[in-house]
Amino acid sequence: MLKKILIGVGVIVLIAAGFIGYTLLTTRSHSPEAVAEIAAEDLNVKITYCQPYKKGRVIFGEETEEVLLPHGKYWRLGANDATEITFSQDVNFAGESISAGSYRMYVVPNASTWEVSLNSELGMFGAFEPNYDLDVLKVNVPVQSNSQDVEQLTIELGSDSTGVQMIITWDKTLVTIPITQ
């Protein structure tokens with residue numbers, strides 16, 4: 001009898017491990033990893049994130065509208081792993097000072113602004129909310145309407161005479177975050 005129970009438990013564990021392994025291996029193909037990098041003068045900025053697709057879904061809006069990312073709710077700014085940003089030196093991120101280093105970046109999207117946070121908790125997988133006590137910076141940035149309907153979340157880094165610009169686009173939403181020295 002004990003042998004049958006142990007075999008049954010073993011089969012359940014194998015099925016569960018197989019399902020978890022399959023899910024982890026195929027998740028990355030649905031939302032592939034991407035890297036945005038820039039070297040502007042003596043500043044290097046690198047963002048590692050995963051790019052979900054729209055797939056006909058309504059992305060941003062009110063929770064009552066059955067959207068993927070409701071206004072006022074935590075979003076890891078991507079899929080799979082938490083989005084991470086690294087600065088090679090101290091910078092101003094949307095006008096606020098932040099020390100050189102690596103940070104978890106997440107947002108709380110709203111209709112007219114996004115609250116963007118940098119957090120010292122790194123290496124997280126999944127949609128788990130961060131330990132908010134480890135937030136080191138919170139800024140509000142304006143949301144713009146994008147004339148193009150962007151199918152896949154994209155984060156780009158560019159530079160101009162004022163510094164580096166982080167440009168986040170998805171669906172019909174565009175957010176620009178200035179990064180200056």
Side-chain angles (χ1 to χ4, degrees), residues 27-54 59-60 69 73-181:
T27 296
R28 297 225 183 269
S29 65
H30 299 293
S31 299
E33 186 173 309
V35 175
E37 287 184 274
I38 193 167
E41 296 181 21
D42 54 346
L43 171 64
N44 295 314
V45 179
K46 179 180 179 181
I47 302 169
T48 305
Y49 68 107
C50 293
Q51 298 180 281
Y53 287 88
K54 186 175 172 183
I59 304 301
F60 302 105
L69 301 168
K73 301 284 184 176
Y74 160 82
W75 175 39
R76 63 186 147 177
L77 189 56
N80 305 332
D81 299 322
T83 295
E84 294 186 2
I85 187 168
T86 301
F87 307 107
S88 64
Q89 60 183 255
D90 297 354
V91 296
N92 284 320
F93 185 84
E96 298 292 327
S97 297
I98 187 78
S99 298
S102 295
Y103 301 93
R104 176 182 185 172
M105 183 168 53
Y106 67 91
V107 302
V108 176
N110 289 294
S112 60
T113 63
W114 278 10
E115 180 182 76
V116 181
S117 298
L118 301 183
N119 182 292
S120 61
E121 185 177 39
L122 298 172
M124 301 302 291
F125 180 84
F128 305 108
E129 291 190 34
N131 177 345
Y132 295 109
D133 293 335
L134 300 177
D135 286 352
V136 294
L137 178 77
K138 276 190 190 306
V139 295
N140 285 301
V141 294
V143 172
Q144 300 171 338
S145 181
N146 191 5
S147 60
Q148 297 178 348
D149 191 7
V150 178
E151 174 65 23
Q152 187 177 27
L153 171 69
T154 303
I155 302 175
E156 298 174 309
L157 293 167
S159 65
D160 60 21
S161 62
T162 63
V164 172
Q165 305 295 319
M166 179 190 325
I167 303 162
I168 304 167
T169 54
W170 198 20
D171 194 17
K172 291 198 176 281
T173 301
L174 180 132
V175 173
T176 301
I177 303 169
I179 303 169
T180 58
Q181 294 177 302

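Across all non-hydrogen atoms, the minimal contact from Lys172 to Ser147 is NZ-O, 3.8 Å. The two atoms that bring Phe93 and Val139 nearest to each other are O-CG1, 3.7 Å, heavy atoms only. When all heavy atoms of Leu118 and Phe87 are compared, the closest pair comes out as CD1-CE1, 4.0 Å. Nearest heavy atom pair, residue Ser31 against residue Cys50, reads O-CB, 3.5 Å. For the residue pair Ala100 and Asp90, the shortest heavy atom distance occurs at N-OD1, 2.8 Å. In terms of heavy atoms, Val136 sits closest to Ser120 at CG1-CB, 4.5 Å.
When side chains are defined from C-beta on, Trp114 does not count as touching Ile177, because their heavy atoms never get closer than 4.5 Å. Within the 4.5 Å cutoff, the side chain of Gln181 has heavy atoms near those of the Glu41 side chain. Contact annotation: the side chain of Thr48 approaches that of Glu33 to within less than 4.5 Å [non-hydrogen atoms, C-beta and beyond]. Contact annotation: the side chain of Val164 never approaches that of Thr180 to less than 4.5 Å [non-hydrogen atoms, C-beta and beyond]. Between Leu77 and Ile155 the shortest side-chain heavy-atom distance falls below 4.5 Å. Using a 4.5 Å heavy-atom cutoff, the side chains of Pro32 and Tyr53 are in contact. Side-chain contact between Ile179 and Met166 is present, with heavy atoms from C-beta onward closer than 4.5 Å.
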Intermediate values then yes/no, side-chain contact (heavy atoms from CB on, under 4.5 Å), Val175 and Val107: CA-CA 11 Å; Val175 173; Val107 302; over 6 Å; no

Check against side-chain hydrogen bond (donor to acceptor under 3.5 Å, both in side chains), Asn146 and Thr169: CA-CA 8 Å; Asn146 191 5; Thr169 54; 5.1 Å; no

Evaluation steps, side-chain contact (heavy atoms from CB on, under 4.5 Å), between Thr83 and Ile47: CA-CA 7 Å; Thr83 295; Ile47 302 169; 3.9 Å; yes

Derivation and outcome, side-chain hydrogen bond (donor to acceptor under 3.5 Å, both in side chains), residues Thr173 and Asp171: CA-CA 6 Å; Thr173 301; Asp171 194 17; 5.2 Å; no

Candidate pair Asp149 and Lys54, rule salt bridge (charged side-chain N to carboxylate O under 4.0 Å, His left out), full reasoning: CA-CA 10 Å; Asp149 191 7; Lys54 186 175 172 183; 3.0 Å; yes

Test log, rule side-chain contact (heavy atoms from CB on, under 4.5 Å), inputs Leu137 and Tyr103: CA-CA 10 Å; Leu137 178 77; Tyr103 301 93; over 6 Å; no

Derivation and outcome, side-chain contact (heavy atoms from CB on, under 4.5 Å), residues Val45 and Ile85: CA-CA 7 Å; Val45 179; Ile85 187 168; 4.1 Å; yes

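Note: Leu153 CG to Ile168 CD1 = 7.5 Å, rounded to the nearest 0.5 Å. With rounding to the nearest 0.5 angstrom, the CG atom of Asp42 is 7.0 Å from the OG atom of Ser88. Considering CD1 of Ile59 and CG of Leu69, their distance stands at 6.5 Å, rounded to 0.5 Å. To the nearest 0.5 Å, the span separating OG1 on Thr154 from CH2 on Trp170 amounts to 10.0 Å. Note that NZ of Lys73 is 8.5 Å distant from CD of Glu129, once rounded to the nearest 0.5 Å.
Of the charged side-chain nitrogens involved, at least one lies within less than 4.0 Å of a carboxylate oxygen, so that Glu121 and Arg104 count as a salt-bridged pair.
A side-chain donor-acceptor contact under 3.5 Å links Arg76 to the backbone of Gly126. A distance-only check finds a donor-acceptor pair linking the side chain of Trp75 to the backbone of Gly78 [under 3.5 Å]. Formation of a donor-acceptor pair under 3.5 Å by the Tyr74 side chain with backbone atoms of Phe128 is found in this model.
Scored by the side chain to side chain contact (heavy atoms under 4.5 Å, CB included) test, Asp135 finds Tyr106, Ser117, Asn119, Tyr132, Lys138 as partners (sequence neighbours excluded). Annotation: side chain to side chain contact (heavy atoms under 4.5 Å, CB included) contacts of Thr176 (sequence neighbours excluded): Gln144, Gln165, Ile167, Leu174.
Side-chain atoms of Asn44 and Gln89 form no donor-acceptor pair, as typed in the model, at a separation below 3.5 Å.
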